[in-house]
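Worksheet: one structure, shown below.
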Amino acid sequence: AVVSTQSTGEKVEDQRTIIKLQAQLIEKEQERVQSFKETVQKEVQSYAGVVASSCATALSPKKLQTVVKSIQDTEDRSRNIMIHGLAEKNGEDLKKSVADIFSEIGEKPMFSVPCRIGKPASGSVRP
């Protein structure tokens, strides 16, 4: 058996001191956790602010409208066909001439009003 030289009163006092120190330790740990929590919240808010402003700029209605218009223009132009070397005649029916060309190659595309590009000049054929 282990013989203790402390009296019961001393043991109780030691226990109280231990409990008091543990309470202080827990309090300090809680303060540290709270400080960490506040720091994380500030950083998240800061990051959220940066992301929100970046997204607002990147996805502004004007920018989206510009991108959509650019895509539409590219899409529309990708369907254009230029025919070179088709002789110009006064009073020509360009739509019929273009339809005849497609007919010769076995195609029947739907097309809007065909037009010549550029200013008429003698000695040259406009596309």
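Take Glu92 and apply the salt bridge (charged side-chain N to carboxylate O under 4.0 Å, His left out) test, not counting sequence neighbours, and it matches Arg116. Under the side chain to side chain donor-acceptor pair (under 3.5 Å) criterion, Arg32 pairs with Glu29, sequence neighbours left out. Asp100 meets the salt bridge (charged side-chain N to carboxylate O under 4.0 Å, His left out) test with Lys96; sequence neighbours excluded.
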Enumerate, atom names and distances included, each donor-acceptor pair closer than 3.5 Å involving a side-chain atom of residues 69-89, sequence neighbours excluded.
unit_1: Thr74; atom_1: OG1; unit_2: Ser70; atom_2: O; d: 2.9
unit_1: Glu75; atom_1: OE2; unit_2: Arg79; atom_2: NH2; d: 3.0
unit_1: Ser78; atom_1: OG; unit_2: Glu75; atom_2: O; d: 2.7
unit_1: Glu88; atom_1: OE1; unit_2: Arg126; atom_2: NE; d: 3.4
unit_1: Glu88; atom_1: OE1; unit_2: Arg126; atom_2: NH2; d: 3.0
unit_1: Glu88; atom_1: OE2; unit_2: Arg126; atom_2: N; d: 3.2
unit_1: Glu88; atom_1: OE2; unit_2: Arg126; atom_2: NE; d: 3.3

Tabulate below the donor-acceptor pairs under 3.5 Å that side-chain atoms of residues 102-109 make, not counting sequence neighbours, or state none.
none

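When only modelled atom types and interatomic distance are considered, Gln41 and Gln45 share no side-chain donor-acceptor pair under 3.5 Å.
Interatomic distance, Glu31 CD to Ile26 CD1, rounded to the nearest 0.5 Å: 12.5 Å. Note: Ile18 CD1 to Glu13 CD = 11.0 Å, rounded to the nearest 0.5 Å.
The salt bridge (charged side-chain N to carboxylate O under 4.0 Å, His left out) pairs that include a residue from residues 39-53 number zero, where partners must be two or more places apart or lie in different chains.
Val98 is not connected to Ile117 by any chain of hydrophobic side-chain contacts under 4.5 Å among Ile, Leu, Val, Met, Phe, Trp and Tyr, and they are in different clusters.
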Check against side chain to side chain donor-acceptor pair (under 3.5 Å), Gln34 and Glu38: CA-CA 6 Å; Gln34 184 62 31; Glu38 289 170 3; 3.2 Å; yes
